[in-house]
Amino acid sequence: MRNLELARLLNELADLSDYVGESQFKSRAYRNAARLLETMQTPIESLAEQGQEALEAVPGIGKAIAEKIIAYLNTGVIPKHQQLLQLVPEGILEVMQVPGIGPKTARLLYEHLGVHDLESLQNALASGAVLQIPHFGEAKRQRLLRLTELIKKARQRRPLGTVYWLAQEKLHWLQQLPHVQNALVGGSIRRMQETIGDIDFLVATEHPEKVIAAFVQMPGTTEVFAQGDNRAQIFLEGGLQVDLKTVPPVSWGAGMLYITGSKAHSIRLREIAIERGLKLNEYGVWRGTECVARETEAEVYEALGLPYIPPPLRENSGEIERALQGSLPALVTREQIQGDLQTHSRWSDGQDTSEAMAQEALSQGYTYLALTDHVEMFAWQGDVFHLFRQRQREIERLNEQMAGRLVVLNGLEVNIDIDGTLDAPEELLKEAEIVVAGIHYGHGQEPEAMTRRLIRALEHPSVHILAHPTGRRFGKREPNDADWERVFRRAYELGKAVEVNGYTTRMDPPTPIVRILEQSGAWVALGTDAHRASDLRMMTLAVGLAQRGWLTAERVLNTRPLPELRAWLKEVRG
DNA sequence: GCCGTTTTCGGCCCGACTGTTTTCAGTCG
């Protein structure tokens, strides 16, 4: 699957195109195509095999981009991209990453001062050389100096789980401010995107100036990038960007829609508004000067002839068409989850006791919890069977204590070896009530070998769940490649489950592959892979990822009450 | 570069903030 690498290249092509001053609509088309590729479930190479017409049939891909895609798949490069790289030093692209520097400014800097990367930018700013350039004053020099320093620290997107709870804390802080009638975290966090670039807040208030003035004093603020009458942008220590937008309370719904995005979804909605003789902005839906909807998101959608679309679907990746047909899925929710299906305790590499895990599971509102300690951790500590049975007795005692409020399931996580066999004694796996199997070494195999390896593991009679299917770790490891349709189809045939893993640094599989999973019909198990009690809250992330994959409760194993889950666990093993 | 039951040419979402060029371009989300 080469969709993501091609998307990256098209985004870069868009930046280059902006820099050389081609039509902004051209770069928008490139970015649009890149975004299509990022969300597309089908590998672009299989679409290309069906010919250029198949590519051009995708809305947003025309003749020129189809040719670029084919050229890339055949030769590994896009000629136009190569050609622009001849004209533009590569470092210019990172100069354009500095907030406030766009293509025009980058070009001025290069042409006047030869600024070609962050280093030379910093020198030109520090020496004051930039002051010779038209449109440059001292205020701008100081501002860019600070921002260049800031982005050298952090400008990359961060995993959702590393920011999600910080955003909730900051939201709480915002809600306490005077004159704040309502507040919300929007943007990619509300859409539960796997990685986020900034935190976006919306506030409803009658006194925006007072709220803005307080906002820019948020603890941890190192830079106020913009501060106006109803919007502000700040950077926190560590370079995290935080945006605030205020709307009058009456425009709360339109404001929510605006702050949540995605940009592509918003643009599509605004086009629909125009088609219907309306205008959509962050204050409402307008017919001339008359406002026809604004108070709730549902009203705004309704005014555009659409049902409410849940935030995780708002990517303009088919949700609007489905909404028009009235066939949006009823997404699984956190409240429907009855238990966690992958967790670890001190019996393996977890930090907390099984009792602490169980207590936390109770406070999460669960009725069951699968303890799935690693087999090999037992092995390192001594006799596997002995330790397993010791843990089993502990779990039995715990379950007695819990008196039916919560049931801890005696599970195991087992390694899938290079050839797809399981790295554990058969008898041990049979004794475990629930077995999740995952890859922990031997990543990066060829797709065909990886496909066969995963299928073989699924076929093992003791296995219930395929854990963290792609093995990706943010910042460490790219997702493994496999023929996911085949793997998930086999899981479906066997009646087994595939995990959607919410652990902060995993979030596995990535959204496009969750969508393939959704289409396969296979069971889905949501798990946090918790290694301490507090990790159990990551179920919110697992649910978010499932929602982005369009999954409904019917497909998610752990929406089932315990008796049904137990029946399933038995049934799978025949 | 894409797209089309108004169009194969002429459109392409909408608003806010900054700094500096006294009226607006560049940038951002």
Side-chain angles (χ1 to χ4, degrees), chain A residues 10 13-15 17-19 21-36 55-69 78 80 95-109 130-131 133-144 146-147 186-188 191 196-202 208 212 216 223-235 241-247 251 254-255 257-286 304 316:
Chain A
L10 284 170
L13 178 58
D15 288 341
S17 167
D18 278 337
Y19 179 84
E22 292 183 321
S23 155
Q24 54 173 313
F25 299 108
K26 221 180 236 195
S27 58
R28 184 209 264 188
Y30 295 144
R31 289 198 180 92
N32 187 33
R35 208 194 44 78
L36 285 172
L55 289 171
E56 288 185 36
V58 179
I61 297 180
K63 184 165 181 290
I65 292 181
E67 282 170 358
K68 287 178 173 60
I69 291 172
I78 297 176
K80 165 114 187 214
V95 171
M96 287 199 286
Q97 294 303 305
V98 176
I101 299 186
K104 299 278 170 39
T105 310
R107 188 161 181 158
L108 278 176
L109 284 162
V130 291
L131 295 172
I133 302 178
H135 309 283
F136 262 84
E138 181 58 20
K140 187 184 269 189
R141 187 184 80 89
Q142 293 286 348
R143 174 180 155 101
L144 289 180
R146 295 193 305 270
L147 288 163
S188 47
R191 299 198 314 277
I196 72 115
D198 63 2
I199 303 178
D200 296 299
F201 290 113
L202 178 73
I212 299 269
V216 299
E223 174 75 24
V224 179
F225 178 67
Q227 180 178 0
D229 296 338
N230 52 39
R231 125 166 295 161
Q233 295 176 259
I234 60 175
F235 288 89
Q241 185 181 335
V242 184
D243 296 356
L244 174 72
K245 165 80 183 168
T246 65
V247 289
S251 291
L257 198 58
Y258 165 81
I259 203 73
T260 302
S262 66
K263 194 180 175 110
H265 182 83
S266 296
I267 289 176
R268 184 78 192 96
L269 291 185
R270 287 169 181 195
E271 287 167 355
I272 288 175
I274 291 169
E275 287 162 19
R276 293 170 191 237
L278 302 166
K279 183 179 74 168
L280 170 65
N281 62 20
E282 62 262 52
Y283 304 110
V285 180
W286 306 83
L304 300 176
N316 193 26

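This is a predicted model, so every value here is computed, not measured. Residue numbers start from 1 in every chain, and the chains themselves are labelled A, B, ... in the order their sequence lines are given, proteins ahead of strands.
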Nearest whole Å is fine: how far is [N] [atom2] from [X] [atom1]?
X      : N      : atom1 : atom2 : result
A:H135 : B:dT18 : NE2   : P     : 19 Å
A:I274 : B:dT7  : CD1   : P     : 18 Å
A:E22  : B:dC2  : CD    : P     : 12 Å
A:K263 : B:dT27 : NZ    : P     : 14 Å

Phosphate-side-chain proximity, [X] and [N], N/O vs OP1/OP2 below 4.0 Å:
X      : N      : answer
A:S266 : B:dG29 : no
A:N32  : B:dC12 : no
A:Y283 : B:dA16 : yes
A:R28  : B:dC13 : yes
A:K26  : B:dC12 : no
A:Q227 : B:dT18 : no
A:K63  : B:dC3  : no

* To do: On DNA chain B, check which nucleotide each of A:N281 and A:P134 is closest to and give me the residue with the more 5' one.
  => A:N281
[atom1] atom, [N] versus [M]: distance in rounded Å?
N      : M      : atom1 : value
B:dT27 : B:dT20 : P     : 14 Å
B:dT7  : B:dC2  : C1'   : 14 Å
B:dA16 : B:dG11 : P     : 25 Å
B:dG29 : B:dC13 : C1'   : 12 Å
B:dT23 : B:dC17 : C1'   : 16 Å
B:dG1  : B:dT6  : C1'   : 23 Å

* Asked: Within the modelled atom types, does a donor on one side and an acceptor on the other bring the side chain of A:K104 and the base of B:dG26 under 3.5 Å apart?
  -> no
* Asked: Does the ring of A:F25 lie flat against the base of B:dC2, closer than 5.5 Å centre to centre with planes under 30°?
  -> no
* Asked: Hey, does A:Y30 reach any base, or is it just sugar-phosphate, or nothing, if we go heavy atoms under 4.0 Å?
  -> sugar-phosphate
* Asked: Which part of the nucleic acid does A:P59 contact within heavy-atom distance under 4.0 Å: base, sugar-phosphate only, or nothing?
  -> sugar-phosphate
* Asked: Short question: side chain of A:D18, backbone of A:G21 - any donor-acceptor pair under 3.5 Å?
  ->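 No.
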* **side-chain contact (heavy atoms from CB on, under 4.5 Å) against A:I272, all qualifying residues, sequence neighbours excluded** =>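 A:R268, A:E275, A:R276, A:L304, A:L306, A:I320.
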